[in-house]
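Side chains are part of it too, since the values below use all heavy atoms of this structure and drop only hydrogens, waters and symmetry mates. All chains are named by letter (A, B, ...) in the order of the sequence lines, taking the proteins before the strands, and each is independently numbered beginning at 1.
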Amino acid sequence: MERKYDATAIESKWQKDWEYKGLHSVKKDTDKEKFYLLEMFPYPSGKLHMGHVRNYSIGDVMARYFTMNGKNVLHPMGWDAFGLPAENAAIQHGVHPDPWTRDNINNMREQLKTLGISYDWSREEGTCLPEYYKWTQWIFTQFYKRGLAYKKKAAVNWCPSCSTVLANEQVVDGCCERCDSLVEKKDLEQWFFRITDYAQRLLDDLDKLPGWPDKVKTMQENWIGRSEGVQLEFRTEAGDAVPVFTTRHDTVFGVTYMVLAPEHPMVNKLTAGTEYEQPVKEFQKKVSQLSFIDRTSSDLEKEGMFIGAYAINPMTEEKVPIWITNYVLYEYGTGAVMGVPAHDQRDYDFAKKYGHQIKRVVAPKDWDGSELTEAFESYDGIMVNSGKYNGLSVTEAKVAMAEDMEAKQIGKRVVNYRLRDWLISRQRYWGAPIPIVYCDTCGEQVLPLDRLPVLLPTDVEFRPTGESPLKTSPTFRDTTCPKCGGHAVREMDTMDTFVCSSWYFLRFTDAHNPQEAFSKDAANYWMPVDQYIGGVEHAILHLMYARFFMKVFHDMGLVEADEPFTNLLTQGMVLKDGSKMSKSKGNTVSPEEIIARFGADTARLFILFAAPPERDLEWNDAAVEGCSRFLSRIWRMYVQMIDMGGLDEALPAELNEADKNVRRALHGTIKKVSEDIAVRRQFNTAISSIMEAVNAIYDYLDTPAPKGAVLGEAARAMLLLLAPFAPHITEELWHELGNQDSVHEQQWPDYDEAALVRDSIEIAVQVNGKIRSRIEIPANLGREEMEKLVKGLPQYTEWLGGKAAIKTIAIPGKLVNIVVK
RNA sequence: GCGGGCGUGGCGGAAUUGGCAAACGCGCCAGACUUAGGAUCUGGUGGAGCGAUCCCUGCAGGUUCAAAUCCUGUCGCCCGCACCA
């Protein structure tokens, strides 16, 4: 055996061996409990970063642990390979996105393999491969047939830098999620997925996910943004209906004006041919020029103008003026709002500025008749100035009025969501083409499966024009209609890459199926994903889209489960000098270099040891060396143990004190590591516990008595415990112990309860909660015996300090507290 | 503004159910071995004090025999949402 630990030699040796043996490929096996473990697949940028290393190290610990515990573990990897960087590279360097992406994938795959993660590479998939995007397109066609994919003209988010539209979820603080450019509004005809149909289920089913962090569930809840209210029909003097949405229909007697979004179609109708027409047009123009961020900012100065028309309040028959403002959003509710200055702070500010009447209709119980100085928004109040509803509480009034509104057919109870339909069109090349053609005679036609995939043409030019580069292809545009066979033109937009990543976990269950996206059988065996691991930045986007897809597939009868991910772990970021590692900040540490210098086992160990998985992790070069030293220390320990020999002997019936101590440390560690991985997902403490056991074994090695058998037990168990964290060094040492098979195919060790038992323990003696002493007592004493023992001690009166003991609290195994006065 | 989370030594962190604060590691100090040490091993390492002791989990209160942990208030940091009617 080598006297020194040589990580590089060991690691490449075993990586080749595992691959050769196919150690990590899995098949359906109904004899075993399945466990689907998935890490969010990466975009193939070409280079692995520390965030990846962290993500996959966490996943690999679990995958190896559950495998050793007899589960049939599916642990696949693939590539989220469509997207803008490839296309930008094409524009800048003239390389075609396809080979560019394939090169990156090849590089990253090699880097990933040097980490020694237990992936089943036979299931590798890439979203940019025709064999994959064929099925993405097929899914689109199914959505289309179910009415879940539709085209409409709408004001959409436009990123001028990426030259494409964005989904609402991809707009962060009014800027593009990718490139931070200020997002503009554009009127365009675009494809949408009707995710709003699933809003309520996406919300309700969050309750089915106890294994998700509350933080993520809350974020999704807020994003869906359910609110209950009434849609109430105001009318213009001409009799046109202008419905408003309100959650405070109880305040309808307090309406003193009505506000429309400037884009509201009724605005032009009401002002056409009047003196207001021109000024209104100017106001509309001004508002439309506001950036997205300004328009939705609460700092925006509220501005508005009267448009010369009046609306009738259907409950009071009162006539109120109609205004337009910059603070009402056309996209939410009905784009029309009733102005109740007394009970809505925005309306209050607006009324103060423009001199609208402020009419109180809810008052606190002890109201002294005083004037309002701000809006009274509380629900804790009594109705006033509200006709027959006076005297009711807000809650009672809400019910009574809603019933009356429905009875009079002037309003209905409705639920509104903040969630909008998902805009999936992208005016870019490097994505899955939308499988739609426009026939000269039959119009819009969806392509059948035998016309899929719609392949990306290669004869395109890459120019940042704001139009899909597909339009530059001489061969792509013209095709035939699937219905009549006549001339048709293809849809030129591609799909948002988030579409591709919304079902990849299903494809892994049946990765190369040429007939179907995935077979029902495979999906039902493996799904749902038992443990999903990735960055919290996907809390809304990817994680909600994937849930949406899963529910649609469930409804289509393709899979039984209707939630994709049972347990979710959102890992923290990897920081250097206090901020996220990034190229622009120049604070990156390259995994490649770390692996070359210390080995993958050290890199993995450090990243798992430095912080609990959910928390951010500060990179520390010195601590990395510490982990490397720890592995060397382990190596030397095995050199010493193997030199001593006798490791294969059976445990003797009689054990000495030293034997018992080291066995207690070992079995305590087995218990702790098992719990930390399986239950607490707290790998840093699992590793520290292994370190403690190593220290205990070193102490034991210094004791004089013969110890082969006890050492042998420890030598084997320690490798099993460490195997999920540092798979290569443990495999090497496992073989040095004389084993022929892989350490990763072994059964996870059980701990011996009897070995944990102590004869005596140290407890604390407290007086009024302050430590006075620590004493050694027999481990099995109960409350009364402990109390008796402490009272009988010679120091007892000294501890009391001349005061009287009122009572004594004894906690077995912990302490005795004497309360004195 | 609303919602969620976090505040513990020089640093990363531990304390699982309210029960001995600081496990484990990094760093630092001293020593051993050594031609040498950025290897390895041993010991020490929250603060004050010569000392017995006392103090210490952002801050101020409270509950309790007992609080890092529970409650109230407050300060600071991070994340998400934000004119959603």
Side-chain angles (χ1 to χ4, degrees), chain A residues 4 172-173 213-223 225-227 229 244-249 251 259 261 295-300 302 325-329 331-340 343-347 349-350 416-420 536-537 539-540 573 605-606 609-612 614-627 629-630 632-633 636 672 675-676 679-680 682 684-695 698 702 762-774 806-821:
Chain A
K4 265 192 90 191
V172 178
D173 289 335
D214 289 339
K215 178 184 172 174
V216 173
K217 287 190 278 189
T218 307
M219 281 166 73
Q220 292 210 356
E221 206 177 302
N222 291 340
W223 191 263
R226 179 193 156 99
S227 67
V244 300
F245 172 71
T246 176
T247 54
R248 290 303 303 267
H249 52 277
T251 63
V259 222
R295 178 73 194 274
T296 53
S297 158
S298 49
D299 298 333
L300 179 70
K302 291 176 181 48
T325 73
N326 56 2
Y327 75 88
V328 171
L329 305 171
E331 297 84 21
Y332 185 76
T334 60
V337 175
M338 60 185 212
V340 189
H343 303 290
D344 182 293
Q345 192 58 40
R346 290 159 303 176
D347 295 348
D349 296 341
F350 191 72
N416 249 303
Y417 300 91
R418 212 191 73 112
L419 181 72
R420 304 292 145 73
V536 75
E537 66 272 16
I540 294 171
M573 289 184 295
L605 197 68
F606 165 74
F609 179 57
E614 310 231 271
R615 217 182 294 183
D616 287 349
L617 178 155
E618 174 71 30
W619 187 264
N620 179 341
D621 287 314
V624 177
E625 290 185 39
C627 288
R629 282 205 297 270
F630 171 68
S632 294
R633 187 169 150 80
R636 289 193 307 271
K672 169 102 180 120
E675 265 175 33
D676 279 352
V679 185
R680 302 211 308 150
Q682 185 100 8
N684 54 332
T685 50
I687 293 168
S688 68
S689 168
I690 292 173
M691 289 173 170
E692 285 179 84
V694 168
N695 292 341
Y698 264 107
D702 283 342
E762 193 189 64
I763 62 154
V765 180
Q766 299 180 332
V767 174
N768 285 351
K770 295 215 188 284
I771 305 280
R772 282 292 98 108
S773 183
R774 286 172 231 271
I806 306 169
K807 67 173 167 177
T808 306
I809 290 140
I811 309 292
K814 305 261 186 200
L815 52 76
V816 173
N817 188 15
I818 309 157
V819 186
V820 302
K821 201 173 161 186

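- The side chain of A/W223 approaches B/rC81 more closely than any other nucleotide in the set B/rC81, B/rA15, B/rC41.
- Because its glycosidic torsion is more than 90° from 0, B/rG76 is reported here as anti.
- By the 4.5 Å heavy-atom criterion applied to side chains, A/V816 and A/R772 are not counted as neighbours.
- Distance from the side chain of A/T247 is smallest to B/rA85 among B/rG19, B/rU16, B/rA85.
- With contacts defined as side-chain heavy-atom distances shorter than 4.5 Å, the pair A/K215/A/V536 qualifies.
- In this structure, A/F245 and A/L617 both approach RNA chain B, and ranking their closest nucleotides by distance from the 5' end singles out A/L617.
- Residue contacts for A/V328: at a heavy-atom cut-off of 4.0 Å it reaches a base atom on one of the strands shown.
- Within 4.0 Å (heavy atoms only), A/I771 reaches sugar-phosphate atoms of the nucleic acid but no base atom.
- For the C1' atoms, the distance linking B/rG18 with B/rG62 amounts to 15 Å, nearest Å.
- Taking atom P in both B/rU69 and B/rA15, one finds a spacing of 15 Å when rounded to whole Å.
- Listed nucleotides: B/rG19, B/rG4, B/rG80. Nearest to the side chain of A/Q766: B/rG19.
- Close to B/rC54, at under 4.0 Å from its OP1 or OP2, lies a side-chain N or O of A/R772.
- In this structure, A/K672 and A/R680 have side chains that are in contact, with non-hydrogen atoms separated by less than 4.5 Å.
- Residue A/D349 comes nearest to A/K302 through the heavy atom pair CB-CD, 4.5 Å, listed as atom of the first residue, atom of the second, then distance.
- Counting only Watson-Crick and G-U wobble pairs whose two distances sit under 3.5 Å, RNA chain B takes part in these stems of three or more pairs: B:1-7 with B:75-81, B:10-12 with B:24-26, B:27-32 with B:40-45, B:46-48 with B:53-55, B:58-62 with B:70-74.
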Worked check of ring-ring contact (aromatic ring centres under 6.0 Å, His included) between A/F350 and A/Y327: CA-CA 10 Å; A/F350 191 72; A/Y327 75 88; 5.5 Å; yes
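- Side-chain proximity of A/T246 to B/rG80, B/rA85, B/rA14: nearest is B/rA85.
- Under 4.0 angstrom from either OP1 or OP2 of B/rA15 there lies at least one side-chain N or O belonging to A/R680.
- Distance from the side chain of A/N817 is smallest for B/rG19 among the nucleotides B/rG19, B/rC83, B/rU40.
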Take A/Q766 and A/I809 through the test side chain to side chain contact (heavy atoms under 4.5 Å, CB included) and record every step on the way to the result. CA-CA 9 Å; A/Q766 299 180 332; A/I809 290 140; over 6 Å; no
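- At a cut-off of 3.5 angstrom, the base of B/rC83 holds at least one donor-acceptor pair with the side chain of A/K302.
- Taking only side-chain atoms of A/P612, from C-beta outward, the nucleotide of B/rA14, B/rA85, B/rA15 with the closest atom is B/rA14.
- Residue A/R615 has a polar side-chain atom (N or O) positioned under 4.0 Å from OP1 or OP2 of B/rA14.
- Looking at heavy-atom distances under 4.0 Å, A/V819 makes contact with sugar-phosphate atoms alone, never a base.
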Encode nucleotides 23-32 of chain B as B, S and - characters from 5' to 3', where the letter depends on protein heavy atoms closer than 4.0 Å: B to the base, S only to sugar-phosphate, - to neither. BBSSS-----
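- Within the 4.0 angstrom heavy-atom criterion, only backbone atoms of the sugar-phosphate kind lie near A/Q682; the bases stay farther away.
- Residue contacts for A/K672: at a heavy-atom cut-off of 4.0 Å it reaches a base atom on one of the strands shown.
- Across all strands, A/N416 comes closer than 4.0 Å to no nucleic acid atom at all (heavy-atom distances).
- Residues A/R420 and A/K770 each lie close to RNA chain B; by heavy-atom proximity, the contact nearer the 5' end of the strand is made by A/K770.
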